[in-house]
Structure formats: structure tokens, C-alpha cells
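Below is one structure, written out as C-alpha cells; comments come after it.
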Amino acid sequence: MARDFSSGGFGGGLGRGKFKFDEAGGRPDLSRALLLRISKYFIPYWKQTLVVVLVLSVSAVLGLLPPILIQQIIDHALPDKNLRLLVLLVLASLGTTVISGLLGVLQNYLNSFISLNIVHDMKNQMYRHLQQMPLQFFSEVKQGEVITRMTSDITGVQSVFNNTIVNFTSNLFILVSTAAALFFMNWKLALLGILVVPLFIVPTRKMGNVRWKLAKQTQEKVSEQNRIIQETLSISGYLLMKLFTRESAEYRTFTAINAEATRLQIRESMAGRWFIMFLSTFTSIGPMLIYLYGGILFIQGELTIGTIITFVALLGRLYGPVMQMTNLYVDIKRSVALFERIFDYFDMEPVITDQPEATPISAAGKSILFDNVHFAYQPDKPALRGISFTAAAGTVTALVGPSGAGKTTITSLIPRLYEIQSGTISIGGTSIREFTLESLRSQIGLVTQDTYLFNGTIRDNLLYARPGAAEAEMIEACRAAYIHDFIMGLPEQYETIVGNRGIKLSGGEQQRLSIARVLLKNPPVIIMDEATSALDTVSEYYIQQAMHSLLANKTGIVIAHRLSTIVAADQILVVKDGMIAEKGTHDGLLQQNGVYKALYDKQFEPKVFSDPPVAE
Ligand code: ADP
């Protein structure tokens, strides 16, 4: 089922790690559609696949030869004292083994070639697909789940190919060829040998079920353990744990889960032990029956010794594949679950894509218009209800209002991080849907409260905005953002590593760095979410100067938290409950004595009389 993100259609299902472990015993849901979909990945490698099938069938037949050659040795070469025949048969036996070995190597190579190439193709496809997913996807998906699907799930496909598909085909060929050989040699003995098969099918299935259940429980414990690791050993989780002194509690939870996982794993491996003990008893019953009944036939002169020995040897080739195929359904179930998890992701449609007629458009010198825009993250919970305003080219619009009013949402809609439900957003009279996404986003510089810095050097972080930028341009941007001098004061200057998410820099420095990055990109539209965190006056001063550089001659939309920004804005929009409650300039709005006035009195008045910050 395709999912629709435009109306927050995740339904929460994603976050729960959709492991579709059915209760054991149920039929795996290997629908024809799923099979067809899986087989499509083999199309580019059909030649190699064909060779693998051929090699498997030849190997199955070759495997019959050594026992048959032994029969010839026992029944003919030895009684006839025929040395030439003996040497010939032994050499033939050796030859078969060597050829089988060589085929094995070829098959191994092809297995790896096909499976790893399919993994490679799927990874590329998944990465591209996830890049197209809307922002909401990443805010709703459980942490770590994307990585799991990209790595262990897709890599699991390799073992599905090697262990499930190849094993099944190989066992099938061995089974059919061996059964045919047995019946050809002596149908009565063949029937006797097959009679015991149900004896070990039943315990094999039973044990398979037990192991499946245990594996499922272990898997759950391991995921839980991974979740704790991810939550507590990441920067924010670690800080949270330390600040609330939850180490001992987290450690207790971790050790408890760890103990449970270990206990389950021991049980799982022991279930296997008992199982093998029972099976080896049952599998030896077949040969004993052959020796008994075959022996009687030999005494009656109906059978040769060679036939009895060959029969027993071939019986082993029959039982092995039967046992492996008995548990095949567990493998198939696991594989179906794996593919469903992968396809689940592929089926989520990136709703925000280029329209067919979209063209690259420039936003330079154009106004931004919101016309009666409605938007909801979740159905029936509107975040924006009829937003209309114009941000004229080259002016700064400040958004103010209580937390949760919808300010961030308004700014997220301009680069189409979310799709609006009704109304229009246009730039220079052209709906933003008619822009190609790439051109639209290239026109917008976003400075968020959370500064997205990656763990590289300051230079790497800056050049991410424009990889080809010259050194002088980079320095100019940093000067304009009032961060150059700070950077030059660092021991390694532009080569300084900023740490995970920029943790080695202060909040003010991070924000100035991200302003410099947007200055380097130099887009005509700037969207800024002013940091709410309290800064010292000097930092604040620098940020204000940096913002001034950033917004000069640009169309700016700023979620404003500082009075200075608000006062300097060309227009102020007071957002409340997803609507624009008031619109105007600072003075005009104060005179209206409405929502803005109340907000101003509550948030800003005490600061009005403070001295303007002074630079050092
Ligand atoms: P503001 O920026 O004014 O503080 P937001 O635009 O962030 O407000 O939020 C407006 C409303 O939308 C709030 O009720 C908030 O809970 C909700 N909201 C914000 N982001 C999301 C999201 N990704 N998914 C669902 N609801 C959201």
C-alpha cells in the first residue's frame, strides 16, 4: 500500500519496527506479487542466474556418481580381480570429485556476484528514495530505523539469496535426482528408505518452530538493547542521562535486557542440540532397514552387496535435503518479512516532487505571497488556518507569536518541506509548485535554531553550501557574519574540527557560522529562526550584525524573538492559533493595543530600557 505523507499519513505504524514475525506454523505469505517483485532484481543478472541453475543441476547429478562407482568397484572390479577396471573406477571417482569442487567454486563466485550486486542495487535505490522522502518522514521514523533498513535489512538479502534460494534449488535437484536413482536401482528398497522420512519431518518442524519463536524473542530483546544504546550513548541522550543522574537506572535496564537476550540465545542453541540428537537416531533407522531387508534380498540372491552399500550412501543424500527443506518455510517466512520491510520503505511515496511542467525559476527581486493557506500535519488538527500575507522583495517580515502558533510551519512551507492542503504560495506571481524543487530550494537560505553542522572542519561546513567557492569568498562571508576573527583566533583556524553537531562551538558561534554558510550560498530569500537561547550581550551584538549582513537586499522572513529584530522589520505578522491575528509595523501595532501589545508587554517591555549592547 502506498503511503501518503501529505496529510501526515504515517499513522504511527512506521515507528514500531514492523517485524512481521508470524506465529510459527502459519503459512508464509509469499504472494505472487511479492515473488514477482523480488525476481525483478534478478533481471540484470539473468545470465549468471541461469548458469547457477545449470551448475546446481549438474552438481546434483555428479553427486550421484561416487556411490554408483563404488557399487561397480564392489560388484565388478573386486570380485573379477580386474585391476584395470579398479584403477579406472577410482580415477573416475576422483575426477568427479574434482569437477564437483570446481563447479562449487564457480557457483560460489556467481552466488556472491549476483547477491552482492542485488544488495548494491537495492542500497543505491533505497538511498535515492530516502533522499526524496519528506521531512515529516524523518521526524516520525524511529531513530536508527533508517540505518537498520539501509544496512542489516538490505544486507540480509544476500543471505536470502545464498541460504534460501540457492539452498532450495540445490536441495530440490539433489532430492529429485537421488530419488530417481534409488527407484531406478530397486523400487522396493527405495520405498522402504522413504518410509522413514515422516519420522524426522515431524521433529524437524517442531524444533524449527521452537527455534523460530526463540529467535523472534531474541530479536526483540536485541532491538530493545540497540534502542537503549542509541538513546543513551548519543550526545543529547548522554547529556540527558548525566543531568538527571539516570546512569544506574539505565545500566540496570541494560543489564536486565542483556541477561534475558543471553538466556534466550542459550536456549535457542540448546534447542538445536536436542534436535540433532533425535534426528541422528531417526536418520540411522533408514540405513538399518536397508541393511536388514537388503540383506535378506542378498541372501536370497536378488541383490548385490554393492547395491546395498550404494543405497545406504544415496539415502544420506536423500535425507539431508528433506530435512533442510522441511524448515525451508521458516527461512521463507524470514525472507518474506525482510523483503516486506524493505518494500515497505520503497512503497512510501515521496509526495513532494517536481510537477511535470515544473521549470527552474529565479526568485531574485520577487515578492512572496501567501494566499489563504491551510495546512495540517495531522488530519483534523489544522496548524495553519487561512494565512495570507505578502513579503515584498527586499523587505524583512518578522513573525511573532506564542509558541506553537504556527510560525515555524509558515517558514517550512516556502521551501516546500511540507505540502499545503489549500490556498497558494507564490513567488513573483508564480506558484512555488511550478518551480522545480531544486531551483526553489537553491533560492532560499535557511538559518534554523538548531545549527546543522557536521563533524568536520569549519571549512568543510562552510563549503557544504557552495563546494566551488573561492577562499576569498569564504573569508568574506565569515567577515560579514562576524565570525572570521573568532575563527582566526582558533589554533587550527578554518581547519578546526567542530565536533558532533558543532558541540565544540558556543551557541552564538554556531549560529554565526551557519549565517556565514548561508551568506556564501547567497540566495535571494532568507528564512531565519532566531535563536531563543539567551546570549551574552556581545554575542547578541555580533549576531545582530551578522543578521544585518545576511538580510541586506534580501527578502527575509524571520521568526523573531528579539525586540531589535522586530523593531527593525518592515512588517510584523502576529501569528496566533494558526492565523494571522495582526499585521503592521511595531509602532502601528502598539497603537492598536491588541494581541501584539499584550505580547510585547509580556515578553519585551523589561528589555526596552536596557542599554544597547556595546561591542568590545
Ligand atoms: P511555532 O513555530 O509558532 O512555535 P509550529 O509551527 O512549530 O509553532 O507549530 C504549530 C503547530 O503544529 C503546533 O501545534 C505543533 O505542535 C504542530 N507541529 C509542529 N511540527 C509538527 C510536526 N512535524 N508534526 C506534527 N505536528 C507538528
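Hydrogens, waters and symmetry mates are skipped; everything else that's a heavy atom, side chains included, is used. Just follow the structure's listing: the first ligand is 1, and inside any ligand the first atom is 1.
Residue Gly404 places a heavy atom less than 4.0 Å from ligand 1.
Closest to atom 20 (N) of ligand 1, if we only count protein heavy atoms, is Tyr377 CZ, 3.3 Å. For atom 8 (O) of ligand 1, the nearest non-hydrogen atom of the protein is Gly406 N, 3.2 Å.
Below 4.0 Å from some heavy atom of Ala405 lie the following atoms of ligand 1, by number and element: 1 (P), 3 (O), 8 (O). Ligand-side atoms of ligand 1 in range of Thr409: 5 (P), 6 (O), 9 (O), 10 (C), range being under 4.0 angstrom from any heavy atom. Near Tyr418, the atoms of ligand 1 lying under 4.0 angstrom from a non-hydrogen atom of the residue are 23 (N). Which parts of ligand 1 touch Thr408 is read off a 4.0 Å heavy-atom cut-off, strictly below it: atoms 1 (P), 2 (O), 6 (O), 7 (O). Atoms of ligand 1 lying under 4.0 Å from any heavy atom of Lys407, numbered from 1 in the order shown and given with element: 1 (P), 2 (O), 3 (O), 4 (O), 6 (O), 8 (O).
Taking a distance limit of 4.0 Å, we find that atom 16 (O) of ligand 1 is approached by no protein heavy atom.
Within a 6.0 Å radius of CZ in Phe343, more than 12 heavy atoms belonging to other residues, nucleotides or ligands are found.
Within the 4.0 Å heavy-atom criterion, neither part of Phe375 lies near ligand 1.
Taking the centre and axis of the six-membered ring of Phe339, the NZ or CZ atom of Arg37 falls outside the cone set by 45° and 6.0 Å.
The side-chain hydrogen bond (donor to acceptor under 3.5 Å, both in side chains) search around Asp570 returns none, not counting sequence neighbours. Listed by chain and number, the residues in a ring pair (Phe, Tyr, Trp, His ring centres under 6.0 Å) with Tyr41 amount to none (sequence neighbours excluded).
Residues Ile425 and Arg416 fail the side-chain proximity criterion, which asks for heavy atoms closer than 4.5 Å.
The side chain to side chain contact (heavy atoms under 4.5 Å, CB included) test with Asn124 singles out one residue from His120, Arg128, Met126, and that residue is His120.
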(request) Apply ring-ring contact (aromatic ring centres under 6.0 Å, His included) to His129 and Phe346, showing your working. (result) CA-CA 7 Å; His129 181 71; Phe346 280 137; 5.7 Å; yes
